[in-house]
Amino acid sequence: QVQLVESGGGLVQAGGSLRLSCAASGGTVSTYTMGWFRQAPGKEREFVAGISWSGARTSDAYSVKGRFTISRDNAKNTGYLQMMSLKPEDTGVYYCAARYQLLDLGGAYDCWGQGTQVIVSS
């Protein structure tokens with residue numbers, strides 16, 4: 001398994017941007033599918049974006065399409081979520097997730113980071 005640590009969260013005004021990072025260690029990170037999920041206060045965790053182990057495939061939720069971009073740099077053992085045009089409804093705790101060669105990019109991840117908080121003010 002891999003260990004995941006998110007960073008880059010913070011407070012930003014609506015329309016602004018943030019770049020989240022997910023540093024991974026342990027295992028062979030390049031073989032792991034990675035994804036981002038978020039959880040708003042009082043709501044269930046939802047899928048945001050996913051990326052295959054090779055980076056050839058990506059998927060993102062309709063609510064963030066055109067605004068968020070997921071990427072990874074396997075040489076640095078790091079995944080990223082570039083968030084643009086942020087909206088107040090994007091507020092929540094963002095979690096990085098991973099699973100060995102997971103084909104369903106929004107599926108059953110089994111490794112999770114601790115989360116990083118994103119607050120978007122109106």
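Along the sequence shown, residues are numbered consecutively beginning with 1.
Counting non-hydrogen atoms of neighbouring residues, nucleotides and ligands closer than 6.0 angstrom, the CD atom of Glu44 reaches no more than 12 such neighbours.
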Please report, to 0.1 Å, the donor-acceptor pairs under 3.5 Å made by any side chain of residues 46-57, with sequence neighbours excluded.
{"unit_1": "Glu46", "atom_1": "OE2", "unit_2": "Arg38", "atom_2": "NE", "d": "2.8"}
{"unit_1": "Glu46", "atom_1": "OE2", "unit_2": "Arg38", "atom_2": "NH2", "d": "3.3"}
{"unit_1": "Ser52", "atom_1": "OG", "unit_2": "Gly55", "atom_2": "N", "d": "3.3"}
{"unit_1": "Ser52", "atom_1": "OG", "unit_2": "Ala56", "atom_2": "N", "d": "3.2"}
{"unit_1": "Ser52", "atom_1": "OG", "unit_2": "Arg57", "atom_2": "N", "d": "3.1"}
{"unit_1": "Ser54", "atom_1": "OG", "unit_2": "Ala56", "atom_2": "N", "d": "3.2"}
{"unit_1": "Arg57", "atom_1": "NH2", "unit_2": "Leu103", "atom_2": "O", "d": "2.9"}

Distance-only criterion, 3.5 Å: show the donor-acceptor pairs between side-chain atoms of residues 3-13 and protein atoms not counting sequence neighbours.
{"unit_1": "Glu6", "atom_1": "OE1", "unit_2": "Gln114", "atom_2": "N", "d": "3.0"}
{"unit_1": "Glu6", "atom_1": "OE1", "unit_2": "Gln114", "atom_2": "NE2", "d": "3.2"}
{"unit_1": "Glu6", "atom_1": "OE1", "unit_2": "Gly115", "atom_2": "N", "d": "2.9"}
{"unit_1": "Glu6", "atom_1": "OE2", "unit_2": "Cys96", "atom_2": "N", "d": "2.6"}
{"unit_1": "Glu6", "atom_1": "OE2", "unit_2": "Gly115", "atom_2": "N", "d": "3.3"}

Name every donor-acceptor pair, under 3.5 Å, that has one atom in a side chain of residues 14-22 and the other anywhere in the protein, sequence neighbours excluded.
none

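The side-chain contact (heavy atoms from CB on, under 4.5 Å) with Met83 is formed by just one residue from the set Thr69, Val64, Val118; it is Val118.
The salt bridge (charged side-chain N to carboxylate O under 4.0 Å, His left out) analysis of residues 97-117, with sequence neighbours excluded, yields the pairs Arg99-Asp110. Within the structure, every pair that satisfies the side chain to side chain donor-acceptor pair (under 3.5 Å) test and touches residues 74-89, not counting sequence neighbours, is listed here: Arg72-Asn74.
For Tyr94, there are no ring pair (Phe, Tyr, Trp, His ring centres under 6.0 Å) partners at least two apart in sequence or on another chain.
Smallest separation of non-hydrogen atoms from Asp60 and Lys65: OD1-NZ, 3.0 Å.
The same ILVMFWY cluster, assembled from side-chain heavy atoms under 4.5 Å apart, contains both Phe68 and Ile70. One hydrophobic cluster holds both Trp112 and Leu102 under the rule that ILVMFWY side chains link at heavy-atom gaps under 4.5 Å.
With a 4.5 Å cut-off on side-chain heavy atoms, Phe37 and Tyr109 count as touching.
Note that CG of Asp90 is 7.0 Å distant from OG of Ser63, once rounded to the nearest 0.5 Å.
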